[in-house]
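Reading through the structure tokens given below for one structure.
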Amino acid sequence: MNPSAGRYRPSQLTLAALLLAASALCPAVGAAERVQVVASFSILADMVDNVGGEHVDVTPLIGADSDAHSYSPSPGDVRALSGADLVVFNGLNFEGWMDRLLETSDYRGPRVTATRHITPLRHAGQHHHDRDDASREADDRSIPEGVADPHAWQDMTRAGTYVTNIRDGLIDADSAHAADYRANAEAYLARLDRADNAIRDQLNELDDEATIITGHDSFGYFADAYGLHFRAPEGMATSSAPGAARMAALVDTIRQRNVEALFYENMTSPGTVDQLAEETGLPVAGTLYADALADDGEASSYIGMMRHNARLLHRALAD
Ligand SMILES: [Zn+2]
């Protein structure tokens, strides 16, 4: 879709002749002319790949095992955007850097906000009811009430809305392949639905009151969809280490609520979880995939990552 400017610049006449020849040879869009999609992070890139299939090339700005919260765009990202036909991002302020990046690049094409039409969960201070007033006042990392939680992909039903938004964006950008995008999306949505049901069945066996500790508050939608309670030393972003007061409050929570398992996240530093393990004597039961896919293996796809998380939680919490 975007002819890249090579070092060799043909004269306008030659270029016109080349274009004429090319259009005679390939009446439709040529196989090499895939839709160039930039997705802000790896989970979205996998969804785009599933819906776009052979018609798209997807470039994630934030790759596997990398943290979108603490990300800062590079000149390479500006270049990737300049050559893009479609940009897909999460929204709900997950990519706080996105507006400025789009402004910096000369990208003026269509944008897909994957969470469009999703009613976000809002932080309602629910993490505070089990703490006393002193620790609440001392907590330097409280999330203001009413802030939208961006991690909606952690619920596979809401992820279905991501997929339909991506499908519609691809149809807008490349209507010639609309039928393929519709068929791919339908097949992918059916796979999401099957995995969603399997995860629901698996986690229904667990005590709904079980509490799990992860690196940051990224499992709100997972809890909303599949049960369980999640607590984290860091808030909905991962920007800095939690304060002593928050850590102390979390250690209290762990003791009061009979927490059975601590988990690392693949894209955040293990330091705070290690510290909690040391202070409470609880083991770390494995790595959950929160905001990024794995580089390889099962969790290198969105569906695989969700299955991995469910199986790991089941193994750690089943009696
Ligand atoms: Zn996050």
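All ligand and atom numbering here is 1-based and tracks the order in the structure. Bear in mind that the values here come from a model prediction, so they are computed numbers and not experimental data.
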Item checked: Near-ring test Tyr289/His308, centroid separation under 6.0 angstrom -> yes
Next item on the list: Step through it carefully: locate the ring centre of Phe94, locate the ring centre of Trp153, and say whether they are under 6.0 Å apart.
Entry: yes
Next item on the list: Output yes when Glu298 and Arg311 qualify as a salt bridge under the 4.0 Å nitrogen-oxygen rule, no when they do not.
Entry: yes
Item checked: Pair Arg158 + Asp224: basic N to acidic O under 4.0 Å -> yes
Margin query: Within rounding of 10°, what is the angle whose vertex is the Zn ion (ligand 1) and whose arms end at OD2 of Asp291 and NE2 of His69?
Written below: 100°
Margin query: Looking only at N, O or S atoms, which one in His216 sits nearest to the Zn ion (ligand 1)?
Written below: NE2
Check: Got an N, O or S from Asp217 under 2.8 Å of the Zn ion (ligand 1)?
Finding: no
